Amino acid sequence: MSQVPADQPAAHPAVAASAHGAHPDLWNGDLAPTILAQRTWRWYHFAALWVGMVMCIPAYTLSASLVEGGMSAYQAVFTVFLANAIVLLPMLAIGHAGTKYGIPYAVLARAAFGTRGARLPALMRAIVACGWYGIQTWFGGSMIYTLLGVLAGHPIGGDKIGGLGINGAQFGCFLAFWAVQFYFIVHGIDSIRKLETWTAPLKIAICFVLLGWVYQKAGGFGPLLDKPSAFVAGGAKAGQFWTTFWPSLTAMVGFWATLALNIPDFTRFARSQRDQVLGQSIGLPVPMGLLAALAVIVTSATVVLYGKALWDPVDLASRMTGAAVLVALIVLLADQVSVNLAANLVGPAYDFSALAPRAISYRTGGYITAGIAILMMPWKILESTQGYIFTWLIGYSALLGPIAGVLIVDYYLIRRTELALDQLYRDDGIYGYVRGWNPAAVVAFLAGVLPNIPGFLNAAFPESFPDVGTGLKTLYTYAWFVGIAISAVVYGLMMKGRAREGGAALRPARSID
């Protein structure tokens with residue numbers, strides 16, 4: 001057994017007691033279950049975490065895609081709220097294991113996929129998160145670039161750099177925002193908790209200030225609130241509501257699909273189940289619905305102020321004058337940092353650590369995530385993917401939904417929430433299955449993903465895959481729901497009767513119920 005570095009937490013007593021049996025390729029101090037001294041997160045920390053993540057530019061602009069697609073303001077807000085109420089359910093279900101056993105997502109996945117097979121869902125989650133981390137970092141750098149140009153009184157930048165496709169100033173602003181976030185990678189997850197806790201009230205206050213500002217400037221809330229849906233009789237898209245609603249709902253669910261998987265990375269620090277359930281229930285659906293309402297109201301007022309709808313808050317901030325520009329820059333940057341770190345750094349940092357625990361700690365996993373984010377050149381992803389909101393969100397929800405289905409069925413129906421904690425860190429234990437892989441989990445995962453592949457290829461590369469049938473394209477609009485349902489059924493059937501295999505070894509270790 002390798003020594004635990006000084007900067008890593010001590011192992012959970014249940015694991016430490018049998019540390020001689022733990023495999024060094026499955027254990028390090030960051031992946032070990034949290035001890036009671038590390039359980040410092042109360043319900044308001046989780047609520048603040050979600051308020052901090054919800055209040056972000058992509059979430060703000062999600063309403064734009066719905067209104068522009070033909071929905072009325074009220075339909076758009078309801079769709080956003082409903083999607084987040086739906087995704088809250090797997091959040092709470094999977095988060096339960098994190099609190100009960102103090103383990104991250106990458107370790108929980110071992111119970112279903114096997115001690116080695118768990119690297120598959122960990123890698124799936126990590127790759128998606130790296131993409132998001134890069135995209136959000138690009139958004140942050142774009143804020144600096146845009147608002148510095150406003151402060152300078154003229155556009156900054158110059159010719160595009162060959163191979164990059166952006167100018168030097170854009171790349172410099174991207175690296176500057178990347179560097180700001182690096183501080184929190186170095187100082188660990190507790191620094192992220194403190195950032196979320198302190199910035200959440202500020203974000204709420206700024207929302208009300210922005211609301212008051214546009215109301216005063218526009219003399220009201222503008223025309224978009226009264227604009228009817230395009231789906232009503234006589235409208236431009238009469239009778240087409242459901243064909244727009246379902247892919248929109250799936251995309252909204254997909255927005256937080258990554259967090260639905262790796263929420264144990266946060267709930268493992270909860271003081272109790274009540275704290276994680278109450279905090280998440282308060283912090284996710286309602287603030288997300290309110291942000292959507294705010295986006296619609298503010299954008300409605302911009303029609304009066306500027307003669308057109310401005311859905312991009314950075315564009316709106318760039319039209320402000322004087323000290324308001326500087327204030328907007330600081331607020332937007334704090335917002336983007338808190339969102340990106342919580343939503344797109346913590347998960348892949350643990351996931352990369354789980355791939356090679358002896359060599360990669362949580363902190364090193366964070367360094368890898370940040371490095372890949374640069375190499376992916378996120379501006380090219382946004383440049384080359386038409387309608388990236390729907391293609392990107394639905395596409396990876398089709399990948400992650402099946403993983404959620406397997407984990408939920410395994411934890412609740414197969415294990416009945418009882419895990420043999422020390423066995424999760426042993427190659428020769430009950431979660432070793434077949435050379436560390438559980439064939440049932442792999443088959444269920446593939447069964448959930450495969451039906452959505454044709455629809456994804458058609459959506460992402462329509463010119464290359466034009467002949468996909470209508471049925472498969474329609475199925476893809478329900479990708480997350482289809483994936484989670486198929487994988488859950490297939491896994492449940494294949495694992496039926498195996499719930500109590502291992503006998504006494506399946507009795508739970510010391511845990512927090």
Side-chain angles (χ1 to χ4, degrees), residues 86-101 103-125 250 253-254 256-265 267-268 273 276-277 280 396-421 423-424 429-434 436-452 478-502 505-508 511 513:
I86 290 172
V87 82
L88 177 65
L89 299 179
M91 290 273 189
L92 298 178
I94 298 175
H96 181 279
T99 299
K100 185 170 184 177
Y101 295 104
I103 53 177
Y105 154 71
V107 174
L108 172 63
R110 293 172 183 172
F113 284 84
T115 50
R116 302 290 173 171
R119 292 172 177 173
L120 172 64
L123 192 59
M124 295 294 98
R125 167 66 179 97
T250 305
V253 169
W256 295 121
T258 52
L259 266 296
L261 286 182
N262 78 278
I263 195 65
D265 297 342
T267 60
R268 67 194 296 242
Q273 292 290 357
Q276 72 99 358
V277 170
Q280 291 200 83
Y396 78 66
S397 76
L399 191 67
L400 301 185
I403 297 175
V406 170
L407 294 186
I408 292 172
V409 169
D410 184 79
Y411 183 64
Y412 285 95
L413 299 185
I414 307 302
R415 314 292 171 192
R416 303 298 174 90
T417 74
E418 296 186 0
L419 300 176
L421 196 55
Q423 301 285 303
L424 293 169
I430 60 173
Y431 305 122
Y433 298 105
V434 181
W437 289 77
N438 182 4
V442 177
V443 170
F445 169 71
L446 293 176
V449 170
L450 288 176
N452 290 309
Y478 306 90
W480 186 84
F481 299 97
V482 170
I484 195 172
I486 292 177
S487 67
V489 171
V490 171
Y491 185 76
L493 291 174
M494 293 186 70
M495 291 292 288
K496 188 177 181 180
R498 298 181 60 180
R500 306 309 299 174
E501 285 185 9
L506 276 174
R507 286 200 300 267
S511 59
D513 294 314

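In this text the structure is predicted, and so the values were computed from the model without any measurement. Atoms considered below: every heavy atom in the structure, side chains included; atoms not considered: hydrogens, waters and symmetry mates.
Counting heavy atoms from C-beta on, the side chains of Leu400 and Ile403 come closer than 4.5 Å. Two residues are said to be in side-chain contact when any heavy atoms from C-beta on lie closer than 4.5 Å; Leu399 and Arg125 fail this criterion. At a threshold of 4.5 Å between non-hydrogen side-chain atoms, the residues Val277 and Thr99 do not count as touching. The shortest distance between side-chain heavy atoms of Tyr491 and Asn438 falls below 4.5 Å. Side-chain atoms of Val253 and Phe481, non-hydrogen and from C-beta on, do get closer than 4.5 Å to each other.
The aromatic rings of Tyr411 and Tyr101 lie perpendicular to each other, with more than 60° between the two planes, well past the 30° mark. Ring pair Phe113/Phe445 is perpendicular by interplanar angle, where above 60° counts as perpendicular and below 30° as parallel.
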Evaluate the criterion side chain to side chain contact (heavy atoms under 4.5 Å, CB included) for residue pair Ile486 and Leu450; output intermediate values, then yes/no. CA-CA 10 Å; Ile486 292 177; Leu450 288 176; over 6 Å; no
Steps toward side chain to side chain contact (heavy atoms under 4.5 Å, CB included) verdict (Val406, Val409): CA-CA 5 Å; Val406 170; Val409 169; over 6 Å; no
What verdict does the side chain to side chain contact (heavy atoms under 4.5 Å, CB included) test give for Arg116 and Val434, after you've listed the backbone C-alpha separation in whole Å, the side-chain angles of each residue and the deciding distance to 0.1 Å? CA-CA 10 Å; Arg116 302 290 173 171; Val434 181; over 6 Å; no
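Heavy atoms only, all atoms of each residue included: Val490 and Ala444 are closest at CG1-CA, 3.7 Å. Minimum interatomic distance between Leu424 and Thr115 (heavy atoms only, all atoms of both residues): O-CG2, 4.1 Å. Of all heavy-atom pairs between Lys100 and Gln273, the closest is N-NE2, 3.5 Å. The two residues Tyr431 and Arg110 make their nearest non-hydrogen contact at CB-O, 3.8 Å. Scanning all heavy atoms of the two residues, the minimum distance from Leu419 to Ala111 falls at CD2-CB, 3.9 Å. For Asn452 against Ala479, the heavy-atom pair with the smallest separation is ND2-O, 3.4 Å.
Within the 3.5 Å criterion, the main-chain N or O of Leu88 finds no donor-acceptor partner in the side chain of Gln280. Using a distance-only test at 3.5 Å, with no hydrogens or angles considered, no donor-acceptor pair links the side chain of Thr250 to the main chain of Trp480. Side-chain atoms of Ser487 come within 3.5 Å of backbone atoms of Ile484 as a donor-acceptor pair (strictly under, hydrogens ignored).
Here NE2 of His96 is found 11.5 Å from CG of Leu108. Values are rounded to the nearest 0.5 Å. Of the inter-residue distances, the one linking Leu413 atom CG with Met495 atom CE reads 11.5 Å to the nearest 0.5 angstrom. With rounding to the nearest 0.5 Å, the separation of CD1 in Ile103 from CZ in Arg268 is 8.5 Å.
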